[in-house]
Amino acid sequence: MNVRMRIAPSPTGYLHVGNARAALFNWLYARHTGGTFILRIDDTDLARSEPEYEDDVLVGLRWLGLDWDEGVEAGGPHGTYRQSDRLDRYREVAERLLATGAAYLCFCTPEELDERRKKAQAQGRPPGYDGRCRLLDPVEAGRRAAEGEPAVIRLAVARPGMTTFVDVVRDEVSFDHEAVDDFVLVRSDGSPTYHLASTVDDVDYEITHVARGEDLLSSTPKHILIARAMGASVPTYAHLPLLFGPDGRKLSKRHGDVSLKAYREGGYLPEAMFNYMSLLGWSFEAETTVFTKEQAIERFDLAAVSKNAAVFDPEKLEWMNGVYIRGLDPIEFIDRAIPFVEDELGRELSGVEREQLSALGPLVQERVKLLTEVPGMMSFVFATALTYDERSWRKVMEIDTTPGTLDAALDRLAIVGDWKAAAIERELRAMLDELGLSARKGLQPIRVAATGSTVSPPLFETLEVLGREVTLDRLRSARARL
RNA sequence: GGCCCCGUCGUCCAGCGGCCUAGGACGCCGGCCUUUCAAGCCGGUAACGCGGGUUCGAAUCCCGUCGGGGCUACCA
C-alpha cells in the first residue's frame, strides 16, 4: 500500500510549532515509507484566513526542509488542495448522506441548544445534542428547509453504538456513542464544519495515515463515522502527544514564541529546529540526540512515538542550535550570519568588511548559539568610534597597571614587523614578561581598548583583523581616556 | 460535570519481566584547559506518583487511587 499522508494547516495565524512538529512527523513517516506527503490548506474559516498566513506556512515548511509531493503550489490530481475551492463537494456529500438517511436536518436554534446543554451538564449527562430533530419526518423537514427555515445538517450516529479503532501510538481506543452526539456537518449558512471538510478531503485524497495532535483524539470517532457513511475506508490514525509550555499546558500564544517564524528570525538553524522537534515525542536511539535528517528518515516510525505530552524546552533547543552552528562549514556560517549583521547595521557590508568578518568567522562561530548573537560579537570591527562597555571599563581600565600596559603595548605593536596574529602574540607575550604580568591581567586592557569589552574573540587574531592602524588608534584613544 | 488520553531525573527521551545498585541529552553544581568569553574534557546532582495484586522475580503485566492533560461549539 502506498502511504499517503497530509498536513492540513489553517491559515488563520503564523505556523505554530505544534503544527510544524506534526508536519515533521508526517513528513518523516511519508519519507520513511517512500510514500506521498501532501500539503492541504484548510481554509474553510474564510473570516479568519489570510494570504499572509498561508504564505508563512509555506515558507516555514520549506525552511524546515519539508517538501511536499502534492498540494498547494505543487499541484497534483486533486485540484487546488484548498478547501475553499471544494465547498460544492462538501455540500454534495452532505446531500447524499441526507438522502441515504445517514444525516438529517435539524432546526434547533443555538439558544435552545445552549439551554439544553447546560441542563444536561447540570444533571451529569453527556452534554451533546440530544437528537431531537432526528425524529422529524424527512419529507416534512425537507419542506421546512426549502421554505427557508434555518437548518443544520447533522450526522445520525448509531445508538446504541460504539466506535473502536486502533491508534498507532495509543493502541486500541473506544468511544461509546453516548458521548458522540449527532454533530453538525453543515452549518445553517451552508458551510461545512471542520469535521466534514477534513474527512471528505482525507477520503477523496486517499489519505492512508492521519498523524495529528492528540487534541483531535476525541473527534476521531466523528471522522470515522463520516468516512463510513460515505462508504469509504477509514485511514490509520496516529495521535501525537501534545506540546506543552513550561506550565504544563498546551503550547499556545501565551507561552511566548509559538510561531516557527519567531525561530526563523531568531537566529535558529532549520537543521537544529528539525532535530530538536523530532525529539519531542520520539527518539532516534537511546544514546543519541544529534543526528541528520537522513538518519531520522531511516529510523522514524510512528509506532515508536511516545504517548506522553512533551514540554518544549527552549534551552535545549538553543544548545542544539549551538551544536549545529559549530558544525557548519566556516563559509556557510558567514553566509548565514551576514544577513543578521547587515540587518543590525542597517546597511550592506562592503567587500573589505565581509573579509574581516570571514577572518573572524571561525572564532565567532564557536562562541554563539544563535545567529542573532553574531552582530553583537562582531560590531566592534566596524565601529568608527568605539563605545566601551561600562562594566568592562571599570573592571580592567581603572586599575593602576593599565596605563603602563597600554603604553608598552603601543610601543611594541608599532614595531611588529609582519602584522599577523603569531607575531602580535610574540610581541605582547614579551611585553608581559617585561612587565611581570600574567596573560590574564595584561591582555585584558588591550582587549577592552581594542574591542570595547572584556568579552571578545581571541585577542591576537582580533588585532590582526583590525589592522595595525585601527589597533594603535584604539589603544591611543583608550589611553587618553584613562 | 461527562468522555478520552497520559504518569521514569526540573525538562526531553531509553527501558517493553531478570542485562536496572534505572541509561543518554539539556539544565544545574564542581574541576581541568585557558589571553576574555565560549567550546571541549572529566566528575557530580537528580526520577520509576501512591496502594494493592500477578510472578521465583516488576519501572516493565493487572486493578484501584491520586495527579496532569485534552475534548465537550452551527472553531479548527
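All chains are named by letter (A, B, ...) in the order of the sequence lines, taking the proteins before the strands, and each is independently numbered beginning at 1.
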Subject >> First of A:Glu214 and A:Asp43 reached from the 5' end of RNA chain B, by closest nucleotide >> reply: A:Glu214
**OP:** Have a look at A:Phe284 and say if it touches a base, only the backbone sugar-phosphate, or nothing, with a 4.0 Å heavy-atom cut-off.
**Re:** nothing
Original post:
From the list B:rA39, B:rC26, B:rC74, which nucleotide is the closest neighbour of the side chain of A:Leu113?
Top reply: B:rC74
Original post:
So what does A:Val311 touch, heavy atoms closer than 4.0 Å: a base, only the sugar-phosphate, or nothing?
Top reply: sugar-phosphate
**OP:** Could you work out the separation of B:rC13 and B:rC63 based on their C1' atoms and round it to a whole Å?
**Re:** 28 Å
**OP:** Rounded to the nearest angstrom, tell me the gap between atom CG in A:Asp167 and atom P in B:rC6.
**Re:** 9 Å
Original post:
Contact class for A:Arg170 vs. all strands (heavy atom < 4.0 Å): base, sugar-phosphate, or nothing?
Top reply: sugar-phosphate
Original post:
A:Pro457 near the nucleic acid: base, sugar-phosphate alone, or nothing, with a heavy-atom cut-off under 4.0 Å?
Top reply: base
Original post:
How would you label the contact of A:Ser10 with the nucleic acid (heavy atoms, under 4.0 Å): base, sugar-phosphate, or nothing?
Top reply: sugar-phosphate
**OP:** Mind checking A:Glu366 for me? I need base, sugar-phosphate or nothing, with any heavy atom below 4.0 Å counting as a touch.
**Re:** base
Original post:
Of all the nucleotides listed (B:rU8, B:rC71, B:rU36), which has the minimum atom distance to the side chain of A:Arg440?
Top reply: B:rU36
Original post:
Using a cut-off of less than 4.0 Å, is there contact between a side-chain N or O of A:Asn308 and OP1 or OP2 of B:rU8?
Top reply: yes
Subject >> Base B:rC12 paired with A:Lys316 side chain (donor-acceptor, <3.5 Å) >> reply: yes
Original post:
In whole angstrom, what separates A:Glu461's CD from B:rU34's P?
Top reply: 16 Å
Original post:
Using atom P of each nucleotide, how far apart are B:rC12 and B:rG27 to the nearest Å?
Top reply: 15 Å
Subject >> Donor-acceptor pair under 3.5 Å, A:Arg367 side chain vs B:rC37 base >> reply: yes
Original post:
Between B:rA76, B:rU36, B:rG40, which nucleotide gets closest to the side-chain atoms of A:Ser456?
Top reply: B:rU36
**OP:** Report the nucleotide, chosen from B:rC12, B:rC13, B:rC4, that has the shortest atom-to-atom distance to any side-chain atom of A:Ser306.
**Re:** B:rC13
Original post:
What integer number of Å spans the C1' atoms of B:rU60 and B:rA47?
Top reply: 15 Å
Subject >> A:Leu459 CG to B:rU34 P, straight-line distance once rounded to whole Å >> reply: 17 Å
Original post:
When you measure from the side chain of A:Ser219, which nucleotide among B:rC74, B:rU36, B:rA76 comes out closest?
Top reply: B:rA76
**OP:** For B:rC41, give its Watson-Crick or G-U wobble partner with both distances under 3.5 Å, or none.
**Re:** B:rG31
**OP:** Would you confirm whether the ring centroid of A:Tyr14 sits within less than 6.0 angstrom of the ring centroid of A:Tyr53?
**Re:** yes
Original post:
Do you see a donor-acceptor pair shorter than 3.5 Å between the side chains of A:His239 and A:Arg170?
Top reply: no
Original post:
Distance between the C1' atoms of B:rA14 and B:rA25, in whole angstroms?
Top reply: 11 Å
Original post:
Which nucleotide in the set B:rC74, B:rU8, B:rC13 lies at the smallest distance from any side-chain heavy atom of A:Pro110?
Top reply: B:rC74
Original post:
Do the side-chain N or O atoms of A:Arg154 get closer than 4.0 angstrom to the phosphate oxygens (OP1, OP2) of B:rC74?
Top reply: yes
Original post:
Any side-chain N or O of A:Thr44 under 4.0 Å from OP1/OP2 of B:rA76?
Top reply: yes
**OP:** Write down the distance between CZ (A:Phe291) and C1' (B:rA14), rounded to a whole number of angstrom.
**Re:** 13 Å
Original post:
Which sits closer to the 5' end of RNA chain B, A:Thr454 or A:Gln83, going by the nucleotide each is nearest to?
Top reply: A:Thr454
**OP:** Counting heavy atoms from C-beta on, name the nucleotide in B:rC74, B:rC71, B:rU35 closest to the side chain of A:Ser218.
**Re:** B:rC71
Original post:
How is A:Thr193 classified with respect to the nucleic acid when contacts are heavy atoms under 4.0 Å: base, sugar-phosphate, or nothing?
Top reply: sugar-phosphate
Subject >> More than 12 heavy atoms of other groups within 6.0 Å of A:Glu178 CD >> reply: no
Original post:
Are the ring centres of A:Tyr205 and A:Tyr81 closer than 6.0 Å?
Top reply: yes
Original post:
Between A:Arg212 and B:rA76, is there a side-chain N or O to OP1/OP2 distance below 4.0 Å?
Top reply: no
**OP:** Would you please say whether a donor-acceptor pair under 3.5 Å links the side chains of A:Asp45 and A:Tyr194?
**Re:** no
Original post:
Rounded to whole angstroms, how far apart are CE on A:Met397 and P on B:rU36?
Top reply: 17 Å
Subject >> Pairwise C1' distance, B:rC32 and B:rG68 [rounded to whole Å] >> reply: 43 Å
Subject >> Nearest-Å distance for atom pair NE2/C1', residues A:His195 and B:rA76 >> reply: 8 Å
**OP:** Verify the contact: side-chain N or O of A:Arg249 to OP1 or OP2 of B:rG69, cut-off strictly under 4.0 Å; return yes or no.
**Re:** yes
Original post:
Of the nucleotides B:rC12, B:rC3, B:rU35, which has the atom closest to the A:Leu279 side chain?
Top reply: B:rC12
Original post:
For the side chain of A:Val173, counting heavy atoms from C-beta on, which of B:rC37, B:rC5, B:rA39 is nearest?
Top reply: B:rC5
Subject >> Pair A:Tyr268 + A:Tyr324: ring centers closer than 6.0 Å >> reply: no
Subject >> Any side-chain donor near an acceptor of the partner, A:Ser10 and A:Asp42, under 3.5 Å >> reply: no
